[in-house]
J.: 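So that we are looking at the same thing, I have put the structure below in structure tokens.
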Amino acid sequence: MLMELQKPLALKRNRQSRRSRQSQSIPVNPSNLYRVIAGSFTNRKNAEERSAVLKNKSIESVIATAEISGTVWYRVQAGAFSTKENAEKQLETVKKAGITDAYILSDAPPAVPSEPKGYSILGVTHLSPEHMNQYAKQVNPNAANLGSFYSAIGEYYGIRGDIAFAQAMHETNFLRFTGDVKPGQNNFAGIGATGNGAAGASFSTQEEGVLAHIQHLYAYASTQPLPPKYPLADPRFSLVKRGSAKLWQELNGKWAVPGTNYAESILNIYKNMVRFSEQKLEAVLKDVEGS
């Protein structure tokens, strides 16, 4: 009696085991799966031989056909999985069985890279030269008036000149030049100042220094040739990977190394510039309304 009870139980377990293996190898309604291909052949006999080798290694497989450029291929599929992790485990098992040409074939559509988040370097300059200069002077009364250069040259190159101005304030400590770069260099962007006392590039005028700064930003933000109006002033223009930083946040680790929070520091200065300008304009509005 005991043997009679055990026999159907064993049969039931065998059926469950077969169903489990089949559901793993040949899933119902397959889509977006990772398939383990243990060989792909133009001759079906070769595929059948490979399938037999796998069977001798206790690895189940099926033969699937695929037509590529008019040629029919017979793929020996040793499993299909919903996760890449499980597919990789099966691939390892297949390779340990001596099938070195096995690989994973994914039905999943390629992931669409997400757009990086941040604020673009290319764009409109919103703040006036006067507001830029006034903001700098509230921190450093002796700051030079660079606003008109950043506004005009930034507009010509399509660079946000007011944020470039904020970058200059960050690089020069509000034109107090407390780092390696000295005031007479007119190097407002720290171009070539790589640390350890390296003073970097020098420019003959303030306008040329601003021009080099804007051109250096243009090298990062655009893949287009330099517009012809101005000569090339940036000595490191050719060293920049063109278009490699279209957002201010992408300058981290590129303009400044390691550059952690470099762009965030610039944008914080810019935000304060905007608030400062708003307060100035509100004061003007009150004067006009009270007149």
Side-chain angles (χ1 to χ4, degrees), residues 118-123 125 127 129 132-133 135-137 139-140 142-154 156-157 159-222 226 230-273:
Y119 202 57
S120 64
I121 293 173
L122 296 174
T125 299
L127 301 183
M132 296 184 214
N133 292 333
Y135 178 76
K137 288 181 184 298
V139 179
N140 174 17
N142 298 318
N145 294 322
L146 303 178
S148 60
F149 297 139
Y150 276 98
S151 180
I153 299 174
Y156 177 73
Y157 284 99
I159 298 290
R160 299 187 189 276
D162 44 7
I163 305 184
F165 183 90
Q167 184 182 19
M169 297 303 103
H170 175 71
E171 287 281 350
T172 65
N173 192 13
F174 286 84
L175 301 175
R176 289 178 289 206
F177 295 94
T178 54
D180 294 329
V181 179
K182 305 307 176 187
Q185 293 178 240
N186 295 314
N187 186 352
F188 308 114
I191 296 174
T194 55
N196 297 321
S202 294
F203 305 98
S204 57
T205 65
Q206 292 176 347
E207 182 178 14
E208 185 184 26
V210 174
L211 175 62
H213 183 183
I214 297 296
Q215 288 177 344
H216 205 59
L217 284 169
Y218 187 84
Y220 275 108
S222 174
L226 275 173
Y230 297 99
L232 178 62
D234 174 19
R236 299 179 67 83
F237 186 89
S238 62
L239 302 178
V240 175
K241 182 180 179 182
R242 300 297 311 280
S244 59
K246 297 184 177 181
L247 307 175
W248 290 100
Q249 287 83 351
E250 292 177 320
L251 292 179
N252 292 355
K254 296 175 183 175
W255 195 294
V257 180
T260 306
N261 296 323
Y262 176 73
E264 288 74 10
S265 298
I266 293 168
L267 292 174
N268 282 337
I269 292 175
Y270 181 63
K271 291 173 187 177
N272 290 333
M273 288 170 60

J.: If you compare all heavy atoms of L175 against all heavy atoms of A143, which two are closest, and at what distance to 0.1 Å?
T.: CD1-CB, 3.7 Å

J.: Heavy-atom distance under 4.5 Å between the side chains of L267 and Y262, does that happen here?
T.: no

J.: Please answer whether the main-chain N or O of Q185 pairs with a side-chain N or O of S202 as donor and acceptor at a distance below 3.5 Å.
T.: no

J.: List in chain and number order the residues that pass side chain to side chain donor-acceptor pair (under 3.5 Å) with T260, two or more places apart in sequence or in another chain; answer none if no residue qualifies.
T.: none

J.: Determine the minimum heavy-atom distance between L217 and A164, stating which atoms define it.
T.: CD1-CB, 3.7 Å

J.: Take M132 and L146 through the test side-chain contact (heavy atoms from CB on, under 4.5 Å) and record every step on the way to the result.
T.: CA-CA 8 Å; M132 296 184 214; L146 303 178; over 6 Å; no

J.: Which heavy-atom pair separates L251 from A245 by the least distance, and what is that distance?
T.: CD2-CB, 3.7 Å

J.: Would you say the side-chain atoms of Q215 pair up with the backbone N or O of A233, donor to acceptor, closer than 3.5 Å?
T.: yes

J.: What's the spacing between Q167 CD and D162 CG if we round to 0.5 Å?
T.: 12.0 Å

J.: Within 45° of the ring axis of Y270 and under 6.0 Å from its six-membered ring centre, is that where the NZ or CZ of R160 lies?
T.: no

J.: Could you go through the side-chain contact (heavy atoms from CB on, under 4.5 Å) check for T172 and N187 one step at a time?
T.: CA-CA 9 Å; T172 65; N187 186 352; over 6 Å; no

J.: List for me each residue that meets side-chain contact (heavy atoms from CB on, under 4.5 Å) alongside T178, sequence neighbours excluded, and say none if there are none.
T.: N173, R176

J.: For P235, check side-chain contact (heavy atoms from CB on, under 4.5 Å) against everything at least two apart and list the hits.
T.: I191, A201, F203

J.: Are Y157 and L226 packed together at the side-chain level, in the sense that at least one heavy-atom pair is separated by less than 4.5 angstrom?
T.: yes

J.: For Q249, check side chain to side chain donor-acceptor pair (under 3.5 Å) against everything at least two apart and list the hits.
T.: none

J.: Are any of the side-chain heavy atoms of V210 and E207 separated by less than 4.5 Å?
T.: no

J.: Could you pull out all residues at least two apart from N145 that satisfy side chain to side chain donor-acceptor pair (under 3.5 Å)?
T.: K137

J.: Sub-3.5 Å donor-acceptor pair from the side chain of S151 to the main-chain atoms of G147, do we have one?
T.: no

J.: Donor-acceptor check, side chain of N186 to backbone of E208, threshold 3.5 angstrom: yes or no?
T.: no

J.: Look at the side chain of W255 and the backbone N and O of G190, then say whether any donor-acceptor pair between them is shorter than 3.5 Å.
T.: no

J.: Run the side-chain contact (heavy atoms from CB on, under 4.5 Å) test against A168 and tell me which residues pass, sequence neighbours left out.
T.: Y150, F188, H213

J.: Enumerate the side chain to side chain donor-acceptor pair (under 3.5 Å) contacts for residues 232-248, please, sequence neighbours excluded, ordered by first and then second residue.
T.: H216-D234

J.: If we only count heavy atoms from C-beta on, is the M169 to F174 side-chain gap below 4.5 Å?
T.: yes

J.: State the CZ-OH distance between F165 and Y135, to the nearest 0.5 angstrom.
T.: 9.5 Å

J.: Do I159 and I121 make a side-chain contact, defined as non-hydrogen atoms from C-beta onward lying under 4.5 Å apart?
T.: yes

J.: Quick one: list whatever passes side-chain contact (heavy atoms from CB on, under 4.5 Å) with K271, sequence neighbours left out.
T.: N268, R275

J.: Just how far is it from atom OH of Y119 to atom CG of L247, taken to the nearest 0.5 Å?
T.: 11.5 Å

J.: Taking only residues two or more places apart in sequence or in another chain, which ones pass side chain to side chain donor-acceptor pair (under 3.5 Å) with E264?
T.: N252

J.: Who passes ring-ring contact (aromatic ring centres under 6.0 Å, His included) against Y156, sequence neighbours left out?
T.: Y230

J.: Which is it for L211 and F149 under the side-chain contact (heavy atoms from CB on, under 4.5 Å) test, yes or no, and what are the steps along the way?
T.: CA-CA 8 Å; L211 175 62; F149 297 139; over 6 Å; no

